[in-house]
J.: 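Just passing along the structure, written as structure tokens.
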Amino acid sequence: MDFQKILENKPLLYGLIGGLVVVLALFITIGVVVSSNNSGAPKTVKEKVIDKPLDLLTTDNLGKAIEIQALLAREGITVDRRMDGQKSVLYLQKYTMTQRDRALLAIVKSGLIDQNIGLEIFDKGDFTSTKEDKRIRLTRAINGELSRLIRKIPPIENASVFVSIPDQVMFEQDQKPVTATVQLVMPSGEKLDNMKVKAIRNLLLGSINGLEAENISITDTNGNVYDSIASADDDMLAKLEENDQYMQAKVKTQLDKLIGKGNYAVTVSTYLRQAPMQRDAIDFDPTKKTALTEQTFSEGLGDQTRDSNRGLSAVSVYLPNGLPANNADSAQNRSYSRTARETQYGVPKIQTSELVKPGTIEDISIAVTLEESSIPANMTLDELKELIAKAASPKATAENVEIAFSDSVDPFLAGDKPESLPKPDSTGNPWWIAIALILIGLGIGLKFLSDRVKAAQERQIAEIAMLREKSQDQEKQLRDVNLKAAELIERQTQLAQGMLEQKQQAQTIPELNSTLSELADEMSGLDDDDLAEHVKSWIEKA
């Protein structure tokens, strides 16, 4: 692979780097997921079996013991039972620690073993109990049964109910009310919703005779108070704050759409009744009429000679048509008879009597500060006040709304300059920041990978140069070895020739010795002239 061509081809290089980044991200993600799965995977550990019997519970109710034994059998836990007099003892013969914990947890969850005493307290007759003892036992039974019912509502873990039933007194005005207090055990951070609080309240009201809703107190272990038997003065401030925040949030929702977030300031103040008051009112409606009295009559009147009703006054005070007035001619015939109905009308009135309890909203005032230019062009100021009042509460009217205008340029009208206040985030979700961070991360990754590629390329070039130097050194060594081998071969050849010569010389010396010995024998008896001739002839022969 030619790295120089890859480095010169920038798109290919960036594509390779991007692919490496994606592959590394996938490997890291897979590694994290696998490691988390491995870390969370349960490890099978062989537990030690305990042979010592363990007593789980003792009860004098044989039916409950058999029911618990069947419950644990469905859980796969074998429980033995033995009788100890009138009591039944459930125990484990051979078990592990896990089986023991599962058995205890199943017994607790089943609710068969309960610390609350219910109506079963009356299963056994007791003729020696007094009336006061029976009343106390009834109260305990009611508390236990209500606790069992309430703790079945999720996510309630446990519940304690305390019902106080006072003694009966002779005078009703001296009679103390029946009260009920409920303490709920809730998971940490949990809070009961309103529907479940109403269910508990209805359960108490239907189970306890003479209990009123205002005499119920419901709290939990997380410090939440749902109902309180205290007076309204104790939590008046909390109600004020809750009402103000609730109505202020509704007004802000409308103004955010109409004017824009951050372009206004709104404050809602409510006045709550702190003492009970009875309010009586009579309302007259002059635009309507109603029948006040109504009567039906039958009337007959004769003349002077045939008047059968003389001495009797007429039923109606109105004269019929055609009859003379007081100073008219009395000789005229006045005989007549009629039947009619008279109705007298008047202005209707409505009389109301209202008992106002403490904590009732009496008055609402809403103050809004905004710029005059921010009001929509197609909306008048009265329409804006009406909208704000309707958004806050049905009891609020446009007269309860006060609007003030501020000039963001004039420092005397606007003490808090908009420039000095923290500007609200009107851009929504800053998605471009995430894209910028991703691009910066990719740039840093590309820079890191390019540096690594350059470093690897430099190391490769250095290795290639080193390999070339090594190959040159090896070639030089090979030439030196070849020269030395040639020299050695030449020396071996010379030595072989020398050895051949020596061998020839070694073969020539005995012949020469034998020839010299023969020549000495031949020249032993000759004189000097013959010896010279003989040597000369021998040399010529040789």
J.: Among I216, V182, L211, exactly one meets side-chain contact (heavy atoms from CB on, under 4.5 Å) together with R201. Which residue is that?
T.: I216

J.: May I ask you to check whether over 12 heavy atoms, not counting those of D283, lie within 6.0 Å of atom CG?
T.: yes

J.: Is the number of heavy atoms from other residues, nucleotides or ligands within 6.0 Å of CE (M83) greater than 12?
T.: yes

J.: Checking S365 against N400: is there a side-chain donor and acceptor pair closer than 3.5 Å?
T.: no

J.: Specify the closest pair of heavy atoms between I366 and A392, including all atoms of both residues, with the distance to one decimal.
T.: CD1-CB, 3.4 Å

J.: Specify the closest pair of heavy atoms between V251 and V266, including all atoms of both residues, with the distance to one decimal.
T.: CG1-CG2, 3.7 Å

J.: Do T98 and D101 have a side chain donor and acceptor closer than 3.5 Å?
T.: no

J.: Given 3.5 Å as the limit, does a donor-acceptor pair link the side chain of Y95 with the main chain of T78, or not?
T.: no

J.: Looking at R82, I'd like to know if its CZ atom is crowded, meaning that more than 12 non-hydrogen atoms belonging to other residues, nucleotides or ligands lie closer than 6.0 Å.
T.: yes

J.: So do Q457 and I461 actually touch side chain to side chain, heavy atoms under 4.5 Å?
T.: yes

J.: Measuring from atom NZ of K385 to atom CG of L381, what distance do you get when rounded to the nearest 0.5 angstrom?
T.: 5.0 Å

J.: Mind checking the CG-CD1 spacing from L370 to I259? Nearest 0.5 Å is all I need.
T.: 4.5 Å

J.: Write down the atom of P155, the atom of E190, and the distance for their closest heavy-atom approach.
T.: CG-OE1, 4.3 Å

J.: Find out whether I364 and S269 are in side-chain contact, i.e. whether some heavy atom of one side chain is under 4.5 Å from a heavy atom of the other.
T.: no

J.: Only one of V368, L258, V401 clears side-chain contact (heavy atoms from CB on, under 4.5 Å) with L384; which?
T.: L258

J.: Any sub-3.5 Å donor-acceptor pair from S374's side-chain atoms to E371's backbone N or O?
T.: yes

J.: May I ask you to test the I388-Q254 pair for a side-chain heavy-atom distance under 4.5 Å?
T.: no

J.: Might you point out which heavy atoms bring L56 and A103 nearest each other, and give the distance in Å?
T.: CD1-CB, 4.2 Å

J.: Does the side chain of Y226 come under 3.5 Å of the side chain of D220 through a donor N or O and an acceptor N or O?
T.: yes

J.: A side-chain contact here means heavy atoms from C-beta on lying under 4.5 Å apart; do L90 and T58 qualify?
T.: no

J.: Step through the shown structure and confirm whether more than 12 heavy atoms of other residues, nucleotides or ligands are within 6.0 Å of CD1 on I350.
T.: no

J.: Would you say K390 has more than 12 foreign heavy atoms packed within less than 6.0 Å of its NZ?
T.: no

J.: Any chance you could measure I375, atom CD1, to N263, atom CG, to the nearest 0.5 Å?
T.: 12.0 Å

J.: Is there a donor-acceptor contact under 3.5 Å from the side chain of T253 to the main chain of A249?
T.: yes

J.: Look at the side chain of D193 and the backbone N and O of K196, then say whether any donor-acceptor pair between them is shorter than 3.5 Å.
T.: yes

J.: Are more than 12 heavy atoms from other residues, nucleotides or ligands located less than 6.0 Å from atom NZ of K250?
T.: yes

J.: What do you reckon, is CG of N209 surrounded by more than 12 foreign heavy atoms closer than 6.0 Å?
T.: no

J.: Within 45 degrees of the axis of the six-membered ring of Y91 and under 6.0 Å from its centre: does R81 put its NZ or CZ there?
T.: no

J.: Are the side chains of L192 and I200 in touch, meaning some heavy atoms are under 4.5 Å apart?
T.: yes

J.: Would you mind checking if D80 and K94 are paired as a salt bridge, meaning a charged N to carboxylate O distance below 4.0 Å?
T.: no

J.: When rounded to the nearest 0.5 angstrom, what distance separates OG in S471 from CE in M466?
T.: 11.5 Å

J.: Provide the closest heavy-atom pair for K191 versus M186 in the form atom of the first, atom of the second, distance.
T.: C-CE, 4.1 Å

J.: Start with the C-alpha gap between T181 and V161, add the side-chain angles, then the distance that decides, and say whether side chain to side chain contact (heavy atoms under 4.5 Å, CB included) holds.
T.: CA-CA 6 Å; T181 303; V161 180; over 6 Å; no

J.: Quick one: closest heavy-atom pair of A396 and A389, and the distance?
T.: CB-O, 3.6 Å

J.: Is the shortest side-chain heavy-atom distance between R102 and I77 below 4.5 Å?
T.: yes

J.: Working to the nearest 0.5 Å, report the span between OG1 of T221 and CG of N158.
T.: 10.0 Å

J.: Would you please test I403 and F405 for side chain to side chain contact (heavy atoms under 4.5 Å, CB included) and show each step?
T.: CA-CA 7 Å; I403 297 179; F405 299 104; 4.1 Å; yes

J.: For a quick check under 3.5 Å, do Q183 and S160 share a side-chain donor-acceptor pair by atom type?
T.: no

J.: Within the supplied structure, the quantity of interest is the number of heavy atoms (other residues, nucleotides, ligands) at a distance under 6.0 Å from E402 CD; does it exceed 12?
T.: no

J.: Output the distance between atom CG (N143) and atom CD1 (I208), rounded to the nearest 0.5 Å.
T.: 7.5 Å

J.: I would like to know whether T352 and D280 meet side chain to side chain contact (heavy atoms under 4.5 Å, CB included); could you show each step before the answer?
T.: CA-CA 6 Å; T352 58; D280 298 326; over 6 Å; no

